Every structure is written in structure tokens, then in C-alpha cells.
Amino acid sequence: MPGAGDAPPILDFSKFYQSDPASKKQLVEGVRNCCLHNGFFQITGHNVPIELQNKMMDWNKKFFDLDLEQKSKVNKDTTNTWNRGYELMKSQILEEGTLPELKEGYYIGDEISKTHPYFVNKKLNSGPNIWPSSDVLPDVEDFKATSLDYYGQVVSLAKDILKVLALTLDLEEGYFEEYASGAVATMRLLHYPSQPPDSPAKLTRGIGAHTDFGCVTILLQDKVAGLQVYDYATKEWLDVAPTPGAFVVNLGNLMMRWSNDKYISNLHRVINMSGEERYSIPVFFSGNPDYVVECLPNCAKKGEKPKWPPITVEQAIKHGYADSYGRAEKWKRDDEAKRQGGTVVQAKEIADA
Ligand SMILES: O=C(O)CCC(=O)C(=O)O
Ligand SMILES: [Fe+2]
């Protein structure tokens with residue numbers, strides 16, 4: 001059982017697929033403890049083949065190896081409004097007061113056509129993917145096929161994890177089925193360059209301390225470490241060591257709210273001081289955008305009013321996005337204003353101040 005100061009444990013998810021009730025119960029207990037403790041665990045024994053994980057990670061590297069000019073042709077901010085495509089380095093500040101983040105991204109989701117009701121009604125992150133053209137990436141068909149296969153398999157794993165989460169709350173295994181049908185999920189390929197040795201340590205982040213906005217996140221890490229989870233009991237940052245074949249699973253704000261804050265959506269961050277390039281692939285499972293989330297059974301004490309009013313999945317998640325991008329935009333505007341005024345404040349000066 002995880003305790004104060006313990007890094008997220010590795011749980012064997014194959015127990016969910018086996019018929020032995022005792023080992024399934026053991027898995028459910030392990031997951032419940034993690035949800036109550038810091039909302040993070042790793043899983044092995046899932047059904048996503050390691051070959052597919054590796055192939056997806058190879059594509060992640062190949063995509064970011066393209067020139068900036070080539071990647072900019074699929075820039076999410078200039079090609080669409082539904083959050084697909086390339087995100088420039090330094091586009092986000094998730095931790096207030098730190099510098100724009102040393103990471104670049106590429107967003108992929110379900111291939112939603114322009115006639116689909118989700119696109120027509122401008123639902124959360126819903127529309128066609130934005131793929132590079134074949135003159136930029138000659139093997140783009142394989143990139144597409146691998147990404148969509150990987151995405152589909154991880155989304156299906158998310159639905160199995162939801163079944164286990166239902167059991168951790170003493171609910172029917174199928175409790176989350178309605179919420180999970182027609183679900184929106186977004187996958188993001190991420191590349192974190194190693195931070196320069198002279199960068200201000202207190203202010204430099206690959207991704208600043210944040211909690212995820214959705215219900216559950218399933219993350220694949222490459223071999224380079226850098227992900228850390230906050231431990232409230234010891235006030236320490238714990239490393240989540242990359243484990244071959246394992247997925248890191250964490251709960252997001254939506255699940256915390258839904259469980260009346262019984263389960264934890266925990267702070268985490270990435271700092272890459274390894275001297276090597278780091279790559280990762282989170283898949284954020286948001287759920288059906290129209291589903292109304294209100295306090296789950298067994299989560300409020302008898303006679304006690306739930307802490308949060310009902311909210312749709314879409315409303316809950318959109319709030320979170322607006323904040324983080326707003327901060328990076330403001331930082332850039334302020335920085336530009338300082339330059340115009342002739343005083344360029346170096347990051348190091350800020351750190352030393
Ligand atoms: O890259 C990682 O390991 C973590 C990424 C993450 O926390 C996020 O994208 O929300
Ligand atoms: Fe995150």
C-alpha cells in the first residue's frame with residue numbers, strides 16, 4: 001500500500017482480465033489506495049502491445065525531428081480551432097510565476113469529420129486531425145495509422161480503468177459506461193529538450209506543476225526521467241521512474257470533483273535536467289462532453305451536501321484550458337512590452353532576484 005513518501009507503485013493490470021476474483025480484488029484495492037493517496041499509479045499487464053508503444057514513440061521522435069518550418073505548417077493555432085496539430089515550444093505556463101515551458105507538442109484525437117454532430121456543434125476538441133503532408137513526411141500514412149491504432153487502444157484501456165475505478169467505489173463495474181460512450185479524449189505527443197545548464201532552476205520547467213483537467217490520464221514515458229509527483233505528506237517531489245511497457249495513470253480534476261474530492265487529482269511536473277531529449281505521450285480521457293457530472297454515490301457522507309454543483313464534462317474541462325494558455329500569452333505580452341521599453345529582463349536575473 002502506498003504511504004507517505006512512496007513513489008506511485010506499479011500494479012499488474014492483467015488481474016482485471018483474469019477470472020480469479022481474489023486477484024481482481026487485490027488490484028481494485030491497490031488502485032483504491034493510490035486514488036486516495038496521491039492519484040497516481042503505473043500499470044503493466046495491460047493489452048496495449050509493447051511493439052505499438054515503441055512504434056508510437058518512434059513516430060513521436062520523428063515528428064519533432066522535422067524543421068520548425070515544416071512543423072509550423074500544421075500549427076494548431078493557425079490551422080484550426082479544435083485543438084489539433086503542432087504546439088510551439090513555450091506555449092504554456094501551467095505553474096504561475098515560472099517561465100514559458102520547454103516543451104513542444106502535437107495534438108491528435110478521434111478522426112471526427114466536419115459532418116459529425118460534435119464538429120457541427122463545436123464540442124470539446126472535436127474535428128478532423130491535422131496531419132503533415134506527404135512532401136513534408138513521406139511516410140505520413142504510417143504515422144496516421146500508428147497514431148489512430150495507438151489512440152484507439154489506449155482509449156479502450158481507459159474504459160477498462162474506469163471499470164476498475166467503479167469497483168474501487170463499490171459501484172457496478174459498468175457504472176461509467178454511459179459517461180464513456182461518445183467520449184472525447186485527446187492525445188498529445190510531447191518533446192522536452194534538456195534544459196540548458198545555465199537556466200534558472202527555480203523558474204525553468206518542461207511542464208510546470210499542475211493537475212490534469214480531465215477524468216483520467218494515461219501516459220507513456222520514454223526512457224528519460226523527469227516526471228515528478230507531489231507528495232503532500234512529506235512535501236517532496238517524487239520521481240516517477242520510466243518503466244518499460246508501463247503506463248502512468250493519474251486522475252484529473254474531473255474525477256476529483258465527481259468523487260466529492262475523495263479521490264486526488266495531484267500536482268505533477270516535468271523538469272528535464274538529464275542532458276538528453278525527453279519524449280512522452282499522455283492521453284487525456286475527458287468523456288462524453290454532454291454528460292452531467294454530479295457527486296458519485298458513496299462519496300458524500302449521509303446527509304451531507306456535495307461540495308460541488310453538477311456540471312457538464314465540457315464546461316468543467318474548458319475552464320482549465322483557458323487559464324494555462326492565458327498565462328503564457330500574458331507572459332509573452334509583458335515580455336514584449338519590456339523589450340519595447342528597452343529593458344530586457346533576462347530569465348537569470350529574474351531567478352536571482
Ligand atoms: O510528460 C509527462 O511526463 C507529463 C505530461 C503532463 O503532465 C501533461 O501533459 O499534462
Ligand atoms: Fe499532466
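Since we're looking at a predicted model, the values are computed, not measured. First listed ligand is number 1; within each ligand, the first listed atom is number 1. Along the sequence shown, residues carry numbers from 1.
Annotation: atom 3 (O) of ligand 1 to nearest protein heavy atom, R278 NH2, 2.9 Å. The nearest protein atom to atom 9 (O) of ligand 1, hydrogens excluded, is given as R188 NH2, 3.1 Å; this is a heavy-atom distance.
Of the heavy atoms in V248, none comes closer than 4.0 Å to ligand 1. Proximity of T217 to ligand 1, defined as any heavy-atom pair under 4.0 Å, is not found for any part of the residue. If you look at Q221 next to ligand 1, there are no close heavy atoms at all, none under 4.0 Å.
With respect to the salt-bridge test (charged N to carboxylate O, under 4.0 angstrom), the residues E173 and K24 qualify. Residues D139 and K62 are not paired through a salt bridge, judged by the lack of any N-O separation under 4.0 Å between the basic side chain and the carboxylate. Here K163 pairs with D160 in a salt bridge; the nearest charged N to carboxylate O distance falls below 4.0 Å. A salt bridge does not link E95 to R269: none of the charged side-chain nitrogens sits closer than 4.0 Å to a carboxylate oxygen.
Residues I218 and L157 are in side-chain contact: their nearest non-hydrogen atoms beyond the backbone lie under 4.5 Å apart.
Around the Fe ion (ligand 2), the two atoms OD1 of D212 and NE2 of H268 are separated by an angle of 90°, to 10 degrees.
Within ligand 1, counting atoms from 1 as listed, the ones closer than 4.0 Å to a heavy atom of Y192 are 1 (O), 2 (C), 4 (C), 5 (C). Which parts of ligand 1 touch P282 is read off a 4.0 Å heavy-atom cut-off, strictly below it: atoms 9 (O).
The distance criterion of under 3.5 Å between nitrogen or oxygen atoms is met by H268 with respect to ligand 1.
Ring geometry, H268 versus F40: the interplanar angle exceeds 60°, so the pair is classed perpendicular (tilted spans 30 to 60°).
Side chain to side chain, Q195 and R205 fail the donor-acceptor criterion of an N or O pair below 3.5 Å.
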